[in-house]
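We use all heavy atoms of the structure for the numbers below, so side chains are in, but hydrogens, waters and symmetry mates are not. Letters go in sequence order (proteins before strands), and every chain restarts at 1.
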Amino acid sequence: MDMALEIAATLVAQVQKPTLAFLIGGMVLAAMGSKLEVPEPVYKFIVLVLLLKVGLSAGISVREADLWALAVPALLAALLGVVIVLIGGRALAAFRGVSRMDAMATAGLFGAVSASTLAAGMVMLDAEGIAYEGFIGALYPFMDIAALVTAIVLARMSAARRLAAAPAGGGVATVAMGTGTGGDGAMVKGILTDTLKSPAISALLLGLGIGLLGRPESVYDSFYEPLFRGLLSILMLIMGIEAWQRLGEMRKVAHAYVAYGIAAPLLHGALGFGAGLLAHELTGFSAGGVVLLAVMAASSSDISGPPTLRGALPEANPSAYVGTSTGLGTPVAILSIPLWIALADLVIGV
Amino acid sequence: MDMALEIAATLVAQVQKPTLAFLIGGMVLAAMGSKLEVPEPVYKFIVLVLLLKVGLSAGISVREADLWALAVPALLAALLGVVIVLIGGRALAAFRGVSRMDAMATAGLFGAVSASTLAAGMVMLDAEGIAYEGFIGALYPFMDIAALVTAIVLARMSAARRLAAAPAGGGVATVAMGTGTGGDGAMVKGILTDTLKSPAISALLLGLGIGLLGRPESVYDSFYEPLFRGLLSILMLIMGIEAWQRLGEMRKVAHAYVAYGIAAPLLHGALGFGAGLLAHELTGFSAGGVVLLAVMAASSSDISGPPTLRGALPEANPSAYVGTSTGLGTPVAILSIPLWIALADLVIGV
Amino acid sequence: MDMALEIAATLVAQVQKPTLAFLIGGMVLAAMGSKLEVPEPVYKFIVLVLLLKVGLSAGISVREADLWALAVPALLAALLGVVIVLIGGRALAAFRGVSRMDAMATAGLFGAVSASTLAAGMVMLDAEGIAYEGFIGALYPFMDIAALVTAIVLARMSAARRLAAAPAGGGVATVAMGTGTGGDGAMVKGILTDTLKSPAISALLLGLGIGLLGRPESVYDSFYEPLFRGLLSILMLIMGIEAWQRLGEMRKVAHAYVAYGIAAPLLHGALGFGAGLLAHELTGFSAGGVVLLAVMAASSSDISGPPTLRGALPEANPSAYVGTSTGLGTPVAILSIPLWIALADLVIGV
């Protein structure tokens with residue numbers, strides 16, 4: 001009972017904090033039909049600054065990081081990306097009205113990572129004074145790329161298999177399978193390259209690289225770090241507006257997506273939290289780090305994922321996967337951040 | 001004589017301050033035919049940050065405000081909005097070549113409030129170290145909405161009345177009036193909703209709401225407050241350029257608009273100053289607050305007003321009302337801010 | 001040997017500093033085919049803030065500057081602009097496949113100044129704690145305008161002369177020459193006006209004017225100065241991406257452009273360095289000032305130059321002059337800044 005009250009009080013306090021307040025404010029504005037819009041170039045600029053900030057900070061930290069302490073959560077992050085896609089793809093495809101292609105695309109987005117959600121988690125931990133490893137941002141690409149590659153490879157392979165299984169004959173099927181297998185390596189490489197070239201991953205890697213090889217501390221301290229929190233508040237506003245507008249698209253797709261969009265972030269967050277606890281035992285991964293691994297797992301990609309999937313899986317229906325992710329997955333993931341903070345406090349102590 | 005000299009010295013000092021210097025600089029650039037342009041998305045971003053800042057700061061202050069101290073200036077602000085429209089509509093329509101519809105639209109804009117002018121007033125008071133009530137931003141919607149609703153309702157009613165007075169016959173007239181009256185409530189509600197949904201008012205209300213219900217102090221202190229002054233300097237530059245460009249449109253409209261555009265901000269500012277003095281007597285409203293009420297009354301809407309009027313009064317000529325407001329009203333209102341500061345110093349002492 | 005090692009160590013340290021790190025990072029991203037883009041309005045906003053910052057800071061300093069100390073480097077800056085164009089125009093036109101018009105346009109761009117390169121030089125000197133005259137930004141228009149006017153006048157005169165020398169007959173030639181001469185004054189005036197109206201020069205002059213006549217210190221200290229370094233890092237990223245993309249265009253033009261694009265910034269920088277040394281002897285011009293005069297001379301115009309030239313010399317091929325300047329001249333100029341710092345340290349001591 002006390003615990004429930006404590007969690008409730010934490011939730012109320014968190015909702016009052018700028019990050020969630022601006023997200024909810026954006027949703028309320030959109031629900032009221034406000035004509036407030038934030039121009040696209042402003043959105044892109046804010047995302048660029050956030051990604052560079054997360055990358056720079058990770059790069060600076062990786063310089064002095066214990067490689068073992070970094071390798072364990074990185075491996076776990078990649079594993080989480082794969083596992084989330086495997087579970088999600090199967091679960092969604094089991095429902096009526098959900099094509100295998102759409103299921104994989106949706107699971108891919110939910111396995112991939114949202115920089116804004118991760119940034120929101122960082123700002124909320126900072127506000128609570130809870131420490132986390134500086135290299136956390138370096139885990140992002142591991143989970144993100146693992147999830148997108150898994151989803152696209154599985155979707156393409158299943159499409160090839162279905163083609164092969166068509167009545168035209170076994171000989172052709174074998175040939176097609178052969179080509180499929182032969183092409184698999186090239187396909188994985190193509191997806192990897194495409195993902196690395198995507199704006200979000202390349203901005204993050206640029207920050208990582210400059211943080212690792214350069215000495216960007218002066219500009220980090222005078223610009224990226226101080227502007228981070230304020231720009232995030234505007235980004236949360238944009239995401240709240242966008243989430244509400246996308247919710248409308250959910251009416252056009254199967255109910256399974258609604259259930260998935262609400263339940264998946266919580267389930268994935270719990271998986272991430274569990275993986276974080278394992279790293280905590282193995283390498284002394286911090287409580288803040290456990291929270292952020294949960295947040296990354298709970299988040300679904302909003303910037304680089306959709307265009308990557310649209311390019312790789314043109315047969316999938318964007319209303320389904322983008323609607324589920326932006327309309328439900330992202331707000332649920334951001335709103336559940338306080339849950340992981342409260343849980344970490346209970347289990348590890350922050 | 002001494003007083004005149006003192007005012008002149010204050011004016012010169014104010015013109016050298018960034019706010020007026022950038023406004024005048026923008027006008028000079030435009031007059032010289034400079035090709036300098038600030039992109040539209042940058043303009044929208046700056047206005048969004050200013051409105052959120054004004055709203056957040058007001059919301060935070062309203063939390064601890066004495067409701068009586070707030071209610072008196074709020075009521076006066078709404079009254080000022082109505083009175084300015086009544087005076088302006090009549091005065092302008094008395095001139096030849098000014099249609100009743102255009103007169104009402106222009107008076108509506110001059111009754112409504114400019115966030116940039118208000119922000120300029122705040123920054124100039126801050127620079128002088130003159131205190132004002134934190135909740136001032138909360139007065140904005142009272143004056144703004146009162147003015148726009150009054151102008152649109154009166155313009156629509158007068159259009160309906162003229163239609164009714166047409167020779168077609170009394171019976172039809174009664175029906176039309178009936179419909180008019182029946183529709184009045186709906187019309188007012190429609191205008192209210194439209195105004196609340198407009199980008200400027202919803203950004204301001206969002207800031208107010210988050211300031212009132214949330215705890216945005218951290219992001220306010222680290223982002224909105226420090227960036228306010230610098231972003232305002234760029235906004236003043238944009239407004240100076242825009243004012244000069246709009247001045248050209250004044251050649252196409254009746255001379256009455258030129259006289260109104262120059263005289264109205266001074267008259268409205270004096271009305272606002274008087275109302276502020278009344279609040280000063282009744283509730284101890286500060287000298288800085290009196291100045292800002294005068295500035296709000298003197299200002300004319302530049303962001304949300306024009307599209308609201310264009311939607312509600314499509315028969316009115318935008319060259320007339322937007323030209324008068326942006327080309328003359330806004331620069332005169334901003335340039336006269338030092339006047340209200342000097343006056344407040346003389347009358348109340350700052 | 002020790003000197004070479006010392007210079008090498010300085011270069012490595014400089015490449016790690018944010019300014020060069022972001023430039024190189026942008027080139028690497030573009031080389032890898034990254035889809036990262038910074039929206040055009042963001043680019044324009046950053047350039048506006050940088051130009052206002054450089055202008056404001058120069059204007060504030062000119063107020064208290066010794067006019068003689070300012071006049072000498074200003075005269076040298078204008079001379080450098082003319083000399084660079086005279087050398088470059090001749091050198092390039094001597095190569096096969098380079099038209100006289102294209103040679104002049106390219107030399108004009110390399111004589112004009114890049115605000116971003118100058119800003120990069122300032123930030124790198126600041127990071128080293130090397131002082132320079134505050135009025136340096138005021139030298140920019142002297143070199144920039146001198147170079148553009150020289151290039152355009154010479155190109156137009158040579159085109160008129162060729163027309164006059166055509167076999168059609170001496171009488172026509174005389175008339176044409178007459179018109180040409182009569183039109184020269186008007187042409188120079190036209191180019192001057194166009195250059196002053198260009199976005200870059202007018203933003204710089206606006207900053208200069210407000211710095212000189214106004215009192216913008218408060219907004220300068222709270223906004224322009226603190227944001228300068230961070231915004232420059234994003235601008236360097238944009239310029240790195242742009243440089244790499246423009247390099248591709250170099251394949252379509254004569255090899256002479258490649259040689260010129262690499263050698264000219266170094267030669268012009270050396271000329272600027274020499275002129276700076278002269279000013280150092282004559283008026284005690286600082287070591288940091290000498291570096292920045294070299295940087296200005298080495299830089300080639302990236303913002304206002306190209307459209308000015310496109311308007312004035314429509315016959316010239318933009319692939320040649322913009323490609324050479326943006327693809328080679330600008331990155332070489334920025335990357336060679338540490339060279340001038342090291343040289344100033346050796347020759348004058350910083």
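Heavy atoms of A:Leu237 lying under 4.5 Å from chain B belong exclusively to its side chain. With a 4.5 Å cut-off on non-hydrogen atoms, B:Leu52 touches chain A through its side chain but not through its backbone. Of the atoms belonging to B:Leu213, it is backbone heavy atoms, and not side-chain ones, that fall under 4.5 Å from chain A. Only the side chain of B:Val49 comes within less than 4.5 Å of a heavy atom of chain A; its backbone N, CA, C and O stay farther away.
The candidate with the highest count of non-hydrogen atom pairs below 4.5 Å against chain B, out of A:Met32, A:Lys35, A:Lys17, is A:Lys35. Of all the listed residues (B:Ser202, B:Ala200, B:Pro216, B:Ser222), the one sharing the greatest number of non-hydrogen pairs under 4.5 Å with chain A is B:Ser202. Most heavy-atom pairs under 4.5 Å with chain B: of the set A:Gly25, A:Gly33, A:Pro226, A:Gly26, this distinction falls to A:Gly33.
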Please evaluate residues A:Leu232 and B:Val219 with respect to the criterion side-chain contact (heavy atoms from CB on, under 4.5 Å), reporting the C-alpha separation (whole Å), side-chain torsions for both, the decisive distance (0.1 Å), and the verdict. CA-CA 9 Å; A:Leu232 184 73; B:Val219 76; over 6 Å; no

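A:Glu37 CD: 12 or fewer foreign heavy atoms inside a 6.0 Å radius. Summarising the local packing, CZ of B:Phe142 is surrounded by 12 or fewer heavy atoms from other residues, nucleotides or ligands at distances under 6.0 Å.
Nearest approach of B:Phe45 to A:Leu231, heavy atoms of both residues: CZ-CD2, 4.5 Å. Of all heavy-atom pairs between B:Arg215 and A:Pro18, the closest is O-CD, 3.7 Å.
At a threshold of 4.5 Å between non-hydrogen side-chain atoms, the residues B:Tyr224 and A:Ser233 count as touching.
For the atom pair A:Leu29 CG and B:Leu196 CG, the distance stands at 11.0 Å (nearest 0.5 Å). If you take CG on A:Leu36 and CG on B:Leu51, they are separated by 9.0 Å, rounding to the nearest 0.5 Å.
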